[in-house]
Amino acid sequence: MGTGAVQDGLSDILQLAELLALNQPEQAALDRHAPTLLEHVGEFTDHFYTWLETVPATAKFISHMPTYQLNRLKGHLAEHYRSMVAAQIDQDRAAALVELGQMHHRLGVSISWICGAYAAFAQELNRTLLEIPPEDRELLRSAIYKRIHLDEGWHLAGYRRAHLSGIQLREGFYDALRITNQVLSSSTSVSTLLHAAVHTLEKRLQLPLVWVGTVDSHTHWLRIRAAAGPVAAYARKLRIYSLPTQAEGHGPGGIALATGKVVVSDWRNPDPSFSPWIARIRHFGITGSIAAPFQTNDGHRGLLSIYRTQAAPFPFGAEELLPRLAADIGAALTRIQTDRALKRLQRCQQALEKVNQMLLSAPAPEEIYKLLSEIIMQSTDAVLAYVSVIDAQHTLARIVSSGLDNSCHLPATVSIDPTKPEGWGVTGQVYRLNACVTIADARHDPNLTPWMENVRKYRQGGFAGFPIPGLYGRPEAVLVVIARQGSFFTPDIKKLLTQLANNAGVALQSHRQRHRLEHLSIHDPLTGLPNRAYFEQTTNAALGRVDRTGNFLAIGMMDLDNFKEVNDTLGHAAGDELLKTVAARIVATLRSGDAAARLGGDEFGLLLNLKAPDNLTEAADRLLEAVQQPIDWNGEKISVAARLGFTVYPLDKADRPSLLRHADAALYNAKEGPHSVEIFESALAERIEKRFRIRQNFPAALAAGRIEFFLEPQADMRAGKLEGVEPVASGTKITRS
């Protein structure tokens, strides 16, 4: 209803102005203090819309409103506030407020919102009265409340007029809209929602055809998602383009999508722009259509269309109400998408928590990759998740973990070489960019051509890849997640998946650090051989194996003869190089089941697994030959000799500490005697024990006077000639402690 039509019927509405007219003192007070009353209008509008966000009926509307639109509404509210205080009370103002009420009714603004605004006006102006001199407050309060009640009365009068006139328009649609909106509000599936909506409209309004479709954001073609009615076959081959660049974009649907406005068409005398559909229109007897576009909050577009035939005209008011129903469909789709996105986000957050808890134990790399892919598959609706590890040459990525069973074929390796087509897949791009890469529609991405068969076969819509950080700032691996739709990868989802990949990288470094510390704790840092502590543990394990298998174990010690001279003559660097070379040569001679360790200095421990004790001689010769080969050091040849001492279990049935001592005793005897290799025997133990006791007790025996010294002559008996003397010590029982 235009302004003129409103003015023609204002006689009853203007009577309200007479009842609420300001007297002269009230008007004077209002004119005098209007500037003060309007000082805080900006703060008031901000407070009012903040309040609306707490009201369930308006919170969702406000929260999804673009900033520019919200600012525009705040501007309108501020202008209303100013005009209510300062504008003339006349027929023009009454007409403007009545039309505003009608517009609010058309926009679906609730009466509670309108009444809430006037209540907020009263509260704000009442608060401002505290800044007015006391003598004018009551007079000004009376004037303000009259103005508020008058504005509210005119506003609601326009709202009521629109409501009464709309009742007739909605009679045909009321039942259908009610049921359809029940469906829209309760459905959790897009397919269920759209099919229920079109079938409800077709049945309740007795339409020949109702359909709803959505636009593919990449191809720009409309896809019919649901259709109902006696001529539903018309929609099965319907082709509509959402841009005017093709003939299929010039019809009502294309124009509605391009302009964002409802398009009403009479097809009884179609113009040339209808040429793609004329034959089918005539075949099905269609005489007209209404196409109402809608859009979801994430920008996806759709179209709701109803059709008529000569025998089935449109219900009264369809042109006005169909766009609102289309908007409801868009809002319902947004709700479902928002709910799904929230659930996906929650599942991804749960996945992140699970992964973080499990990564605390710093498992091995392949366990980390398996954990990542499996939890993503369990916690989200991704169709595939896998991890590819980059090889040392940086040309291939080996797929080491997959979140799917064998129903989906995955190659063993993926190229990351940019000179090959396969190198432009997700893994290659992520590796080179060292950043997340998302492919919104795999079906139309030329980089995925080598994998297109899988993309189509397994309905893979969206791809996203995330670098798993490694050393030196390059990805060590790439996590790839595949979903049915590219819309799965919202910014929040990508942020969480990026965090998952980063956490996996931290776990990899933690595992390496722990492995390195464990290695250092049981290995010699110079030669890389196990140290004494680990050698003793290994000896225990080897003894257990011998007990189970019935074999023999030679426990040996090796010492280098002239290592100190090499250190003193050529320096410690030469000595270190000598030890590393000897260690490498020892390892090279070992066979399966054997072990070696550096026990300290130039001493090495050996464990040789023997089928028979006689095999020890061959093994010892092999070791000596390897060690005694000359070593090059800065142009010089360094030659060393080695001594070996062994004891053989179970011929020697001692416990592990005693076995090690026996091997050490055999080495000692080899160093003292003419042979390079000595094998422990009980007699050797007695000799060594006796020698040890003498050396230990000699000082005490000397101090106690039990030792006497003599000079014993040395003579040539045949010649009868004294050649010299030899000092001799004589004593008793010095071997006892």
Side-chain angles (χ1 to χ4, degrees), residues 355 358-359 361-377 382-439 442 445-455 458 460 463-482 494 497-519 523 528 584 587:
V355 170
M358 296 180 182
L359 292 182
S361 62
E366 296 213 2
E367 293 178 9
I368 292 174
Y369 302 143
K370 182 179 180 182
L371 178 69
L372 257 184
S373 56
E374 287 183 349
I375 288 185
I376 288 173
M377 290 298 295
V383 298
L384 176 61
Y386 63 88
V387 176
S388 302
V389 177
I390 313 303
D391 70 0
Q393 290 72 38
H394 307 290
T395 57
L396 285 176
R398 181 172 56 92
I399 295 179
V400 299
S401 179
S402 169
L404 272 194
D405 55 24
N406 294 329
S407 63
C408 181
H409 172 71
L410 281 175
T413 58
V414 179
S415 175
I416 58 174
D417 186 349
T419 63
K420 299 178 179 179
E422 294 82 357
W424 282 96
V426 177
T427 303
Q429 292 185 62
V430 170
Y431 173 73
R432 290 191 295 276
L433 295 173
N434 196 15
C436 169
V437 171
T438 305
I439 296 175
D445 193 300
N447 292 328
L448 296 184
T449 300
W451 300 277
M452 200 53 64
E453 181 181 351
N454 261 14
V455 167
Y458 299 106
Q460 299 169 351
F463 281 57
F466 306 87
I468 296 176
L471 299 175
Y472 315 115
R474 299 302 306 167
E476 176 164 324
V478 173
L479 167 66
V480 177
V481 182
I482 303 175
K494 289 195 288 186
L497 291 174
T498 298
Q499 188 63 49
L500 278 172
N502 288 339
N503 289 359
V506 171
L508 288 173
Q509 300 309 315
S510 176
H511 171 79
R512 286 197 185 89
Q513 183 67 11
R514 191 176 74 174
H515 184 71
R516 178 174 174 272
L517 292 174
E518 289 175 352
H519 182 84
H523 285 79
V587 171

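Quick caveat: nothing in here was measured; it's all calculated off a predicted structure.
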Which atom of I399 lies closest to which atom of P411, heavy atoms considered: CD1-O, 3.2 Å
How many angstroms lie between atom OG1 of T413 and atom CD of E422, to the nearest 0.5 angstrom? 9.5 Å
Kindly list each side-chain donor-acceptor pair under 3.5 angstrom involving residues 426-437, sequence neighbours excluded, with atom names and distances?
{"residue": "Q429", "atom": "NE2", "partner": "W424", "partner atom": "O", "Å": "2.9"}
{"residue": "Y431", "atom": "OH", "partner": "H394", "partner atom": "ND1", "Å": "2.9"}
{"residue": "R432", "atom": "NH1", "partner": "I416", "partner atom": "O", "Å": "2.8"}
{"residue": "R432", "atom": "NH1", "partner": "G423", "partner atom": "O", "Å": "2.9"}
{"residue": "R432", "atom": "NH1", "partner": "G428", "partner atom": "O", "Å": "3.4"}
{"residue": "R432", "atom": "NH2", "partner": "G423", "partner atom": "O", "Å": "2.9"}
{"residue": "N434", "atom": "ND2", "partner": "G473", "partner atom": "O", "Å": "3.1"}

Is any side-chain heavy atom of N502 closer than 4.5 Å to a side-chain heavy atom of F466? no
Over all heavy atoms of both residues, which pair between P467 and A501 is shortest? Give the atoms and the distance, please. O-CB, 3.5 Å
Suppose we screen for side chain to side chain contact (heavy atoms under 4.5 Å, CB included). Which residues come up paired with K370, at least two apart in sequence or across chains? E374, S401
Is the backbone N or O of K494 less than 3.5 Å from a side-chain atom of T498, with the two atoms forming a donor-acceptor pair by type? yes
Give the minimum heavy-atom separation between L448 and G425, together with the two atoms involved. CD2-CA, 4.4 Å
Working for side-chain hydrogen bond (donor to acceptor under 3.5 Å, both in side chains), residues T419 and D417: CA-CA 5 Å; T419 63; D417 186 349; 2.8 Å; yes
I want to check something: taking the side chain as every heavy atom from C-beta on, are Y369 and L508 in contact at a cut-off of under 4.5 Å? yes
Taking all non-hydrogen atoms of both residues into account, name the closest pair between A385 and M377 and its distance. N-SD, 3.6 Å
Do D445 and V455 come within less than 4.5 Å of each other through their side chains, counting heavy atoms only? no
What is the minimum heavy-atom distance between Q509 and P469, and which atoms define it? NE2-O, 4.2 Å
Determine the minimum heavy-atom distance between L497 and L479, stating which atoms define it. O-CD2, 4.5 Å
